[in-house]
Amino acid sequence: MNIDHSADEFRPRQIYEQVAERIRSSILSGAFPAGSRLPSERELAQRLGVSRPAVREAIGALQNLGLVVTRHGSGTYVTAQGGDAGDTQIPGGPSDFSPLSILDVRLLFEPALARRAARGGKRDAAAEEYLRRMSEVRDLSDPQQQALWSECDRLFHRQIALMGGDALWVRMADEIARSMDQPLWRRLCGDGICDPERIPLYVAEHRLIYEAIVTGDEDAAAFLVERHLQRVRKDISTRE
């Protein structure tokens with residue numbers, strides 16, 4: 001007997017994927033024709049019986065497919081491509097994790113990781129370079145600057161694992177870092193975190209985390225990482 005071991009066949013669909021598929025179906029049915037404005041996140045959440053963050057993730061997935069476009073201060077609109085989306089599939093696969101699920105894992109893992117790194121109490125040239133490059137980002141309307149910020153942010157958190165000096169923890173951090181490089185994470189990060197008013201705050205939080213680690217303050221390092229990740233979660237899940 002031949003058994004198909006395909007992971008996709010048995011992978012449970014994430015909430016945002018289900019929401020995105022329902023919105024796509026409404027676009028195909030003509031309920032949301034090309035050029036029309038989608039209901040607000042709040043209204044869609046009420047209609048579909050899901051949370052607003054799930055709707056935000058679904059909209060991000062549809063944006064990445066080119067089916068909708070969000071105009072800040074105006075709303076989300078169906079594109080011409082969206083009106084002819086019959087063959088377009090909602091993305092899935094092991095790397096396309098829900099950003100909020102990623103943050104749930106990070107909130108469990110990274111405070112402990114920072115605490116472990118603080119036991120060494122040593123400065124780290126690579127972490128300092130990521131901090132320096134983040135602090136030099138000025139124009140987030142420039143895609144290259146936004147990409148630089150996202151990359152340095154992602155690698156700074158991975159570097160904390162390297163500062164802890166344990167191979168298994170580093171491997172776990174590598175998996176998180178890869179998930180933060182997936183298109184949906186980058187989309188929600190770009191919309192919610194990469195804001196000119198937020199960047200100085202995020203730079204300061206990263207700096208405080210680093211200084212707590214290198215001074216050997218385990219409690220402060222863990223607390224600051226947790227507070228930082230809670231802010232990230234709020235910023236990517238509650239903006240309209």
Side-chain angles (χ1 to χ4, degrees), residues 14-16 51-57 60 95-120 124 126-128 130-131 133-135 137 140 146-164 166 168-239:
Q14 299 172 88
I15 296 298
Y16 86 83
S51 67
R52 284 183 64 187
V55 172
R56 177 174 293 275
E57 291 181 338
S95 66
D96 204 11
F97 297 120
S98 155
L100 293 179
S101 293
I102 294 170
L103 283 165
D104 286 343
V105 173
R106 293 181 66 190
L107 277 162
L108 290 170
F109 179 63
E110 292 192 25
L113 194 63
R115 188 181 292 277
R116 183 180 183 85
R119 293 174 192 164
D124 184 272
E128 291 179 2
Y130 295 136
L131 288 170
R133 294 170 70 186
M134 281 191 281
S135 69
V137 171
L140 288 169
Q146 188 175 121
L148 174 63
W149 164 267
S150 296
E151 185 74 353
C152 289
D153 174 44
R154 185 173 71 89
L155 294 178
F156 172 79
H157 285 279
R158 178 187 179 275
Q159 194 65 25
I160 292 175
L162 290 172
M163 293 169 70
D166 184 275
L168 180 56
W169 287 68
V170 171
R171 180 174 293 185
M172 295 165 67
D174 281 341
E175 184 62 32
I176 291 174
R178 281 191 291 270
S179 72
M180 291 170 64
D181 197 34
Q182 50 114 342
L184 187 55
W185 173 274
R186 292 199 302 269
R187 166 68 66 178
L188 266 67
C189 176
D191 289 347
I193 298 174
C194 292
D195 181 302
E197 296 180 358
R198 284 171 166 76
I199 289 301
L201 175 60
Y202 280 116
V203 170
E205 288 183 344
H206 284 101
R207 173 61 66 179
L208 286 171
I209 291 167
Y210 176 72
E211 292 300 333
I213 289 172
V214 299
T215 56
D217 193 334
E218 295 182 31
D219 290 340
F223 170 77
L224 289 166
V225 167
E226 182 175 1
R227 187 174 69 175
H228 168 66
L229 293 175
Q230 287 171 340
R231 188 187 306 279
V232 173
R233 184 183 179 90
K234 179 181 178 181
D235 285 348
I236 71 171
S237 64
T238 61
R239 300 187 71 193

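Predicted model only: the values in this text are computed from it and were never measured. Heavy-atom basis, side chains included; hydrogens, waters and symmetry copies ignored. We number each residue from 1, following the sequence as shown.
With Q159 contributing its side chain and A126 its backbone, the two residues share no donor-acceptor pair below 3.5 Å. Remark: side-chain polar atoms of Q182 are paired, donor with acceptor, to backbone N or O of L184 under 3.5 angstrom. For the pair R154 (side chain) and A177 (backbone), a donor-acceptor distance under 3.5 Å is present. Remark: side-chain polar atoms of Y202 are not paired, donor with acceptor, to backbone N or O of M134 under 3.5 angstrom.
Of the inter-residue distances, the one linking E218 atom CD with R119 atom CZ reads 5.0 Å to the nearest 0.5 angstrom. Within the model, atoms CG of L229 and CG of L224 stand 11.0 Å from one another, a figure rounded to the nearest 0.5 Å. With rounding to the nearest 0.5 angstrom, the OG atom of S51 is 8.0 Å from the CD1 atom of I15. Atom-to-atom distance recorded for L100:CG and E57:CD is 4.0 Å, nearest 0.5 angstrom. Interatomic distance, I102 CD1 to E175 CD, rounded to the nearest 0.5 Å: 9.5 Å. Put simply, CD1 on I160 and CH2 on W169 are 12.0 Å apart, with the number rounded to the nearest 0.5 Å.
For S179 against F97, the heavy-atom pair with the smallest separation is CB-CD1, 3.9 Å. The shortest non-hydrogen separation linking L107 to E226 is CD2-O, 3.8 Å.
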> E211 and R207: side-chain contact (heavy atoms from CB on, under 4.5 Å), yes or no, with the steps?
Replying inline: CA-CA 6 Å; E211 292 300 333; R207 173 61 66 179; 3.5 Å; yes
Which atom pairs, one a donor and one an acceptor, fall under 3.5 Å between side chains of residues 109-118 and the rest of the protein, sequence neighbours left out?
from : atom 1 : to   : atom 2 : distance (Å)
E110 : OE1    : R106 : NH2    : 3.4
E110 : OE1    : H157 : ND1    : 3.0
E110 : OE2    : R106 : NE     : 2.5
E110 : OE2    : R106 : NH2    : 3.4
R115 : NH1    : D219 : OD1    : 2.7

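Two residues are said to be in side-chain contact when any heavy atoms from C-beta on lie closer than 4.5 Å; R158 and Y130 fail this criterion. Under the 4.5 Å side-chain criterion, counting only non-hydrogen atoms from C-beta, V203 is in contact with W149.
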